[in-house]
Amino acid sequence: MFKIIKAEFIAPGIKRFVLEAPRIARKQKPGQFVILRIYEEGERIPVTIESSDPARGTISIVVQSVGKTTQMLNSFNSGDCISDVVGPLGKPSEIEKFGTVVVVGGGVGTAMAYPSAVAFKKIGNRVISIVGARNKELIIFEQEMRAVSDELLITTDDGSYAKKGFVTDELRQLIESGRQIDLVLAVGPIVMMKAVAELTRKYNIHTVVSLNPIMIDGTGMCGGCRVLIDGKSQFACVDGPEFDAHKVNFEVLVQRNAMYREQEQRSLAEYQRSKAAPSSVNAEHEACAGAPGGTR
Amino acid sequence: MSPTASKSLNPLSPKERIKIPRQPMPEQPPDVRNKNFNEVNLGYSEELARQEARRCLECAKPTCTENCPVGVDVTAFVELIVAGDFLGAAAKIREANVLPAITGRVCPQEDHCEGKCLLAKKVKPLGIGYLERFVADYEQRRGTHVLPKVPPTGKKVAVVGSGPSGLTVAGDLIQKGHKVRVFEALHELGGVLVYGIPEFRLPKQIIREQLDYMREMGVEFETDVVVGRTVTIDELMNEEAYDAVYIGTGAGLPQFMGIPGEHLNGVYSANEFLTRINLMKAYRFPEYDEPMLDLHGKDVAVIGGGNTALDAIRSALRLGAKKAYVIYRRSDAEMPARAEEVHHAKEEGIDFQMLTAPVEFLSNGKGWLTGARCVRMELGEPDASGRRRPVPIKGSEFDLPLSVAVMAIGTMANPIVQSTTPGLGTDKRGYIMADSEKQRTTRKGVFAGGDIVTGAATVILAMGAGRRAAASIHEYLTTGVW
Ligand SMILES: Cc1cc2nc3c(=O)[nH]c(=O)nc-3n(C[C@H](O)[C@H](O)[C@H](O)COP(=O)(O)OP(=O)(O)OC[C@H]3O[C@@H](n4cnc5c(N)ncnc54)[C@H](O)[C@@H]3O)c2cc1C
Ligand code: FES
């Protein structure tokens, strides 16, 4: 049982949670993730850790409602419990003094890129952040990103805020303006990461992306998270989640992530139907009856 | 080794005993059970058990016990069954084996006790596994465990991994008065017993009962802890004050063949396939949220010939597969699976494609599996394992239409603990080095055993290692001598 200490929507459909998870809080490094199973019948899903507070024993995550599990999780509030939180998993981001680092965050990916941006800045890099979203309301972590960036560029697809366009437009301008860029970290939707990779490949700029394949255990046991890197199979949960963007086969990632599309749609539809039914049991709000943490 | 019937609780002469046929295990009929996940074997009745027990020759030097990795006193417990003292028989087994309901079901008895049974020279061996299972289940139904009472020693042991090896260590050490806490990466306890072996061979309820019993004895369990990531071995010893650590993390990493098309949708590792079914209950989707591909009316193949392969394909059959193939590159004789499972699988209608291997997975051009290009093999010279090496037959390629293919060709060591524990020695395949007598690693106070030391093996060998480790951990904790 992992208790939710705080839960607040930071944008429509995007909720930030602070969870009691002292072991994870002590060990978390930027770029790492946790796997959640929110209730007894739940699936296991990976979620990047946005930040942690070792002294308080808490971690924060940011969740966007997409399928059943994330919608259900986003109906949880402070005081509710999540059955399982395991981590921190995956290799941490490689944080070094590269020089100038461009951090690109798309949508909810901004929250996932944020801890790395903090670390890049702290170690002495010049950090330029590019944050993009579909519209103004979906721009998250603007203040936080501004605070750790030497420059912050914002785009919205519809132009409802800051510049109209895509993050890659800003990145291209940066590159073409002749600025020295030593590393690009891109976290966001697959299409965005792929576009960034294609752009920087032309200029031979080292680029890292954080991949989000379907996972179960997160420890290397199932192989369900395998991604094709430079033509070879790698397990994103242990070999990643960050990889050299120019070596990632994005087509295979898209294809594998679509493996259960039918089932996911069915699951979501049934969840929404049951939620609408007035007599439905409110099973989703786990009573925090069990022992804290993983004690069983 | 002459049978000694003197003073025995069994009144029959050796001749009479040999005349009794091996009592068959009652089981679900093949065409019924291949559609459900209920246990295949139904278990002996008291009468069947006593009749089977009467067949034991009670050898003076029992080779069955000698060949049991944990040294269960077979003749003694069998004699108690003859006498109708089933609880006494269970207690006798428990002296050597803390998980009899499990080993009675999944041990490869033909390689151990039953393989060396004197009866087998003339007739069928004694059904030792069936008898073990019977008394363990009997004891469970009666709900009468005697909880051992021991004074606490004040020492603390951390066990990493809750598979059969770790559970054996925990069960043994708690009975010596040490404090024991088991750390498990997954949300459920039991290791391969819960995420790998399906319900129809090993009902999960049995594992839950064993775990409850261990909790009653005082063992503490903490799930959702990936040792090496959530906490390191050094942190456990230095900051959480554990006096000793046992590593039983299993051989968890699935292998793939490295042939074209393995990333296609529809190609699974056996670990993933079985985890979705057993741990995540994906076959009860959408009641459970974890999805899996719908197998109804589909053609499914598993690649491999071990227990894992058979568990995967028999699960596929139960989930509605139209055709269910085992593709194995060697012949029947080399199949490493338990004999009973091969027999059951054949009865259930699994199509065994022996001396065959896939060379490529075929796709529909949109990323989905449509089949496997296979090649027939013949057996050549013996290889390093002593088994004859399969060699492809030129021009024998053929395409097998498939919607789902499951790779069950073996596993490797999971490196997480090794790579985060300085000074922990590993062999060249990445398994943890531990001496075979005391299970000591190269790090003082750290012991290891089970699949993470031997590579993928069996439940009973993992338990045997756990048993030895528990004894040497106890010795280390009481004497301080490493
Ligand atoms: C499908 C299948 C069927 C099988 N059938 C049979 C059979 O019929 N008979 C038989 O004798 N054998 C069988 N085996 C083999 C047998 O299950 C194994 O040999 C045995 O389980 C090994 O026990 P173990 O305790 O060493 O490891 P495991 O059972 O693998 O348990 C290891 C545990 O450690 C956990 N773990 C791993 N890393 C960490 C970490 N870093 N931190 C915390 N926890 C961790 C894992 O999650 C797991 O729960 C089968 C195996 C499979 C996969
Ligand atoms: S999630 Fe199972 S191996 Fe990566």
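Bear in mind that the values here come from a model prediction, so they are computed numbers and not experimental data.
- Considering only heavy-atom pairs separated by less than 4.5 Å from chain A, the leading option among B/Asn414, B/Ile416, B/Leu293 is B/Leu293.
- Heavy-atom pairs under 4.5 Å with chain A peak, among B/Glu262, B/Arg276, B/Lys366, at B/Arg276.
- With a 4.5 Å cut-off on non-hydrogen atoms, A/Arg26 touches chain B through its side chain but not through its backbone.
- Looking at A/Val227, there are no atoms closer than 4.5 Å to chain B (heavy atoms on both sides), in backbone or side chain.
- If you measure heavy-atom distances from A/Arg23 to chain B, the contacts under 4.5 Å come from both the backbone and the side chain.
- With no hydrogens or angles considered, no side-chain donor-acceptor pair links B/Glu199 and B/Gln205 at under 3.5 Å.
- Residue A/Arg296 touches chain B through both its backbone and its side chain, counting heavy-atom pairs closer than 4.5 Å.
- Among A/Val18, A/Val47, A/Val85, the one residue that satisfies the side chain to side chain contact (heavy atoms under 4.5 Å, CB included) test with A/Ile59 is A/Val85.
- Salt-bridge annotation for A/Glu94 and A/Lys91: absent, with no side-chain N of the basic residue lying under 4.0 Å from a carboxylate O of the acidic one.
- For A/Thr219, the parts lying under 4.5 angstrom from a heavy atom of chain B are both the backbone and the side chain.
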Worksheet item: Under the side chain to side chain contact (heavy atoms under 4.5 Å, CB included) criterion, do B/Phe285 and B/Glu290 qualify, and how do the steps go?
Response: CA-CA 7 Å; B/Phe285 179 91; B/Glu290 195 77 58; over 6 Å; no
Practice prompt. Kindly indicate, with the supporting measurements, whether the criterion salt bridge (Lys or Arg N to Asp or Glu O under 4.0 Å) is fulfilled by B/Glu235 and A/Lys27.
Written response: CA-CA 11 Å; B/Glu235 287 163 346; A/Lys27 303 287 287 185; 2.9 Å; yes
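- Among B/Pro254, B/Ala282, B/Pro286, B/Gly258, the residue making the largest number of heavy-atom pairs under 4.5 Å with chain A is B/Pro254.
- Judged by distance alone, the side chain of B/Asn271 and the main-chain N or O of A/Met221 form a donor-acceptor pair under 3.5 Å.
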